[in-house]
Every structure is written in C-alpha cells, then in structure tokens.
*Asks:* 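Take this structure, written in structure tokens, and hold onto it; I'll ask about it next.
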Amino acid sequence: MKNIFIIGSKGIPAKYGGFETFVDKLTEGQQNKEIKYHVACLSNENSEFTYNNARCFNVKVLNMGSAKAVIYDILALRQCISYIEENNITDAIIYILACRIGPFIGSYKHQLAKLGVQLFVNPDGHEWKRGKWSKAIRQYWKISENYMVKYADLLICDSKNIEKYIKQDYKQYNPKTTFIAYGADTEKSKLTDDDSNLVEWYKEKNIEKKGYYLVVGRFVPENNYETMITEFMKSNTKKDFILITNVEENKFYDKLKEKTNFDKDKRIKFVGTVYNQELLKKIRENAYGYFHGHEVGGTNPSLLEALATTDLNILLDVGFNKEVGMEGALYFNKEDRNLANLIEKLDNIDEEYIKTLGAKAKERIEKEYTWKYIIDKYEDVLVNNIGTKDTTPLRVVSDKKKEEKVKVGA
C-alpha cells in the first residue's frame, strides 16, 4: 500500500479554493486501490474522520495572522512524521502544496530520509510576485521557495511555464520536476435558461443572456482588474461587464474606484459572489465573453472553467494563459486601447467564429484538463515515483560507544 500524505490545502470537503478542490477531486476520483490518502485539514480541534475513503486528520491551529498558514503546515508535517513512525509505514510520500515552510524544511527532510519517506512539492505559482503581500512577506516567499525546491525529491508543477522557471532559476539544485496540470469540470450546467434561480438572479442584477462580458476571481491587483475595467470603459460596447468577486472591505477596490470612477459607468456591475456551482456554471455558459487577466501563477482553475463553458474567452497575453488557451482563445495586452478596440470588434464578430473558438477551447479542456486525465497522471507518478532521488531509508545502529548510520540492506 502506498501512503500519500497531503499537506497545504485547508482540507476536504472542499469549501475554499484551488488546492482544496484538487484534493477533493483527487481522492473522490481515485482509481488505484494501492493508494491510501492521508489529508491534513485546518481545524480548531485535533481529530480524525474519513472522507472520499481518505484518512483526514484535523490540525488545530490558533489564529496568528499571516503566520497561521506556516504554522499549520509545520504542525501537519509533524503529525505525518509521528503517524509514519508509530505505524511503521515504509512506503510513503509527503506531498506539500505551496512553498510556505522552506526555512524549516531542512531539518524535517533529514527525518524523512531516515524513514525512507519521499518529499514531493507543488510550487504553485509566483506567490512572491503577488501584490497583496508586503515587501517583507514577498521576500520570505522567495526564500521559502528556494529551500522547498532544494530539498524536494520531486516538484509537481501545474504549469509548463512554472516548470521551466523552476529548472532555470534553481538549476544549481538540478531539481527533479514533472508537469501535471489542474483539472476542470467539463459537464454542462444542469440548469435551463428558464430555471427560477437563474431568472431571479438575472432580474436582480439587471442582466440579460449573452448581454455581458464576465470575470470570476479574486479581486487583487495582479489579476489586472484595473486594465480590464479602464479598457472596458474606453470601449463603446452596449454590453455589461459583470464581475463575480468579493470586494467587501477591499482596499484595492476603494483605490480603483477613486482612480477610475467605474461606479459612474452603469455597464460595470460588481455582483458579489455566487456559491451555487450549477448557477455559476450557467452564468458562464450564457456570457457573451469571458475576460481573464491573471498574470501570476500556474494553471488557473477559473480559466479552465471558463474555457470549458464559455465560447468567447479573452485572455491576458502571458505564457501561463497561452499554454492553456492556445488557439481556443483570443489575447490582449496592457497597451492603451488594445483591449478596448478588441471589445468593439468582438461586439460585431461573426457568431460562427465565436462557436468555432468555443469548440476549440472545449476540445483543449477535454484532451488535457479533465479531472480523470489529471488523476490518472497523478496516480502514475505517486505509485511509480518517476524521476525522484534515491531515498533509501537509513537505519541507526547504536551501541554504548558509538552510533553510525548505514543504509538498510547494505
């Protein structure tokens, strides 16, 4: 039995973001019965439960501000090591999502090596570039990433561009990497156009089917909301710009409103969040077009969801987005009027052209990004340990005079 310990998500059942959904889907869609998953879950108590046939262990963490996530990962790692020791597990992998605990990982890596446990890491995206962090925190992220790359037996990158960056920027460590993307739900919404939930939502927001461009995601600077909003305001389109995002107590929202006066443009509508996933999927399907301005990170879940559901996708022209969208999307840059001019052209574009783009986008998702495809690739890596370093377990041999370390079987 292959024991896989997953650290770094807030846990399952998924209630939050990308990592949580990934772990939920990975365990739910498990095919290989030789894998036993152990999933760390952020909690206010220490306990265990079973979900998707995975052993889920709660990790109690006090609220300590920005340090909470770091402490959570460390405590979860300690619990994993204790469980492995107590149960004499000899074939295990600890898979850490994101690079939060790099400055501390060295000493734990030594413990893992003695136990014969491999350390896999998902480096996520360029977290150290995110505008929401202070300079000091961004510096910490970069240092932490360095150590996580150094000590990882394998780095699983969800973007080819991230994998390329890891290999180039950390070539001194000769990092072992593999590429496995994020997955997407490819099923159409179960809701019809006359569903009461959809009709009432459209009525409340004063929105019409195919009468809006859409964006869904966190309202943060690196997702280029300023560019999308200002360019939309420059265009003469009669359609609305619908933003599904949480902006409560958001300083960036207040600054951008003061800078652009978008609140005076009736076409721009912040409509809050939508937690009903079937409703959200239908809103995507019925959008005239979808904007995606993410500039930092790897394969973005909201982009995959858009390509799987919306026919016309307009993406920021960066490597992370182009490797996913390819010929199934159109691209804009941050030059003055570039997006505004594109919007005006798209308002009068041939409907068949939009359908062709949509078909290419959906074909792209079906070929490379279905959850079944992603889960199959993960199980192959987790079971076969491809491309990893030698982690032959160490045995400590002791007598009264000396203590030496030798490889088991040597």
Side-chain angles (χ1 to χ4, degrees), residues 1-12 16-20 22-23 26-27 35-49 51 54-124 127 137 140-156 173 175-176 378 381-382 385 388-389 391 393-394 396:
M1 182 66 69
K2 196 79 174 184
N3 287 272
I4 311 298
F5 296 79
I6 302 178
I7 297 172
S9 78
K10 292 183 177 70
I12 53 178
Y16 302 94
F19 276 145
E20 292 71 36
F22 157 69
V23 179
L26 181 68
T27 53
I35 296 175
K36 177 63 177 179
Y37 287 110
H38 308 256
V39 180
C41 302
L42 183 63
S43 179
N44 56 8
E45 64 175 11
N46 290 313
S47 59
E48 291 188 10
F49 63 97
Y51 181 78
R55 170 185 162 265
C56 303
F57 58 100
N58 285 326
V59 181
K60 181 179 180 179
V61 186
L62 299 177
N63 192 355
M64 304 183 70
S66 58
K68 183 177 182 178
V70 175
I71 295 170
Y72 167 51
D73 283 1
I74 292 174
L75 293 176
L77 180 55
R78 288 178 181 175
Q79 285 199 31
C80 291
I81 293 172
S82 296
Y83 186 89
I84 290 168
E85 289 177 330
E86 292 168 5
N87 292 276
N88 297 313
I89 293 174
T90 58
D91 195 4
I93 293 170
I94 292 181
Y95 184 26
I96 302 181
L97 307 175
C99 297
R100 285 181 285 263
I101 57 173
F104 312 96
I105 198 64
S107 61
Y108 292 108
K109 184 62 169 69
H110 181 67
Q111 295 182 53
L112 297 178
K114 288 200 296 183
L115 294 167
V117 177
Q118 293 178 304
L119 176 65
F120 288 11
V121 174
N122 186 315
D124 200 9
E127 193 68 28
I137 293 178
Y140 174 86
W141 271 107
K142 183 62 175 171
I143 293 169
S144 187
E145 179 183 83
N146 178 82
Y147 284 114
M148 294 299 283
V149 172
K150 178 180 179 179
Y151 288 108
D153 294 307
L154 182 69
L155 293 124
I156 302 178
Y173 302 133
K176 301 296 186 294
Y378 258 100
V381 169
L382 295 173
N385 289 0
T388 59
K389 302 171 186 174
T391 54
L394 297 174
V396 178

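Computed from a predicted structure; not experimentally measured.
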*Asks:* Write down the atom of P123, the atom of C99, and the distance for their closest heavy-atom approach.
*Replies:* CA-SG, 3.7 Å
*Asks:* How would you list, by chain and number, every residue that makes a side-chain contact (heavy atoms from CB on, under 4.5 Å) with K68, sequence neighbours excluded?
*Replies:* L42, V61, N63
*Asks:* H38 and ring-ring contact (aromatic ring centres under 6.0 Å, His included): which partner among F5, F57, F49?
*Replies:* F5
*Asks:* Under 3.5 Å, which donor-acceptor pairs do the side chains of residues 74-84 form with other protein atoms, sequence neighbours left out?
*Replies:*
residue, atom, partner, partner atom, Å
R78, NE, Y108, OH, 2.9
R78, NH2, Y108, OH, 3.3
S82, OG, R78, O, 3.1

*Asks:* Which atoms form the tightest heavy-atom contact between R55 and E48, and what is the distance?
*Replies:* NH2-OE2, 3.0 Å
*Asks:* Would you check if L97 and V23 make a side-chain contact, meaning some heavy-atom pair closer than 4.5 Å?
*Replies:* yes
*Asks:* Measure the CG-SG distance between N46 and C41 for me, rounded to the nearest 0.5 Å.
*Replies:* 11.5 Å
*Asks:* Within the distance-only criterion (no hydrogens, no angle test), does the side chain of S9 pair as donor or acceptor with the backbone N or O of F19 below 3.5 angstrom?
*Replies:* no
*Asks:* Under 4.5 Å between any side-chain heavy atoms of I93 and K2, yes or no?
*Replies:* yes
*Asks:* So, E20 side chain and K10 main chain: donor-acceptor pair closer than 3.5 Å or not?
*Replies:* yes
*Asks:* For a 4.5 angstrom cut-off between non-hydrogen side-chain atoms, does I105 reach L119?
*Replies:* yes
*Asks:* Identify, with sequence neighbours excluded, every residue that meets side chain to side chain donor-acceptor pair (under 3.5 Å) alongside Y95.
*Replies:* N122, Y378
*Asks:* Does C56 offer a backbone N or O that forms a donor-acceptor pair with the side chain of Y37 under 3.5 Å?
*Replies:* no
*Asks:* Can you find a pair of side-chain heavy atoms, one from I7 and one from Y72, that are under 4.5 Å apart?
*Replies:* no
*Asks:* Would you call L26 and I6 a side-chain contact if the rule is heavy atoms closer than 4.5 Å?
*Replies:* yes
*Asks:* Once rounded to the nearest 0.5 Å, what's the spacing between atom CD1 of I94 and atom CG of N3?
*Replies:* 10.5 Å
*Asks:* Does the side chain of D73 come within less than 4.5 Å of F104's, by heavy atoms?
*Replies:* no
*Asks:* Strictly below 4.0 Å, N to O, side chains only: are K109 and D153 in salt-bridge contact?
*Replies:* yes
*Asks:* Which pair of non-hydrogen atoms, one from G102 and one from Y147, has the smallest distance, and what is that distance?
*Replies:* O-CB, 3.1 Å
*Asks:* How far does NZ of K176 sit from CD1 of I156, to the nearest 0.5 angstrom?
*Replies:* 14.5 Å
*Asks:* If I take atom CG from residue L382 and atom CD1 from residue I35, how far apart are they, to the nearest 0.5 angstrom?
*Replies:* 5.5 Å
*Asks:* Under 6.0 Å from the OH atom of Y51, do we count more than 12 heavy atoms belonging to anything else shown?
*Replies:* yes
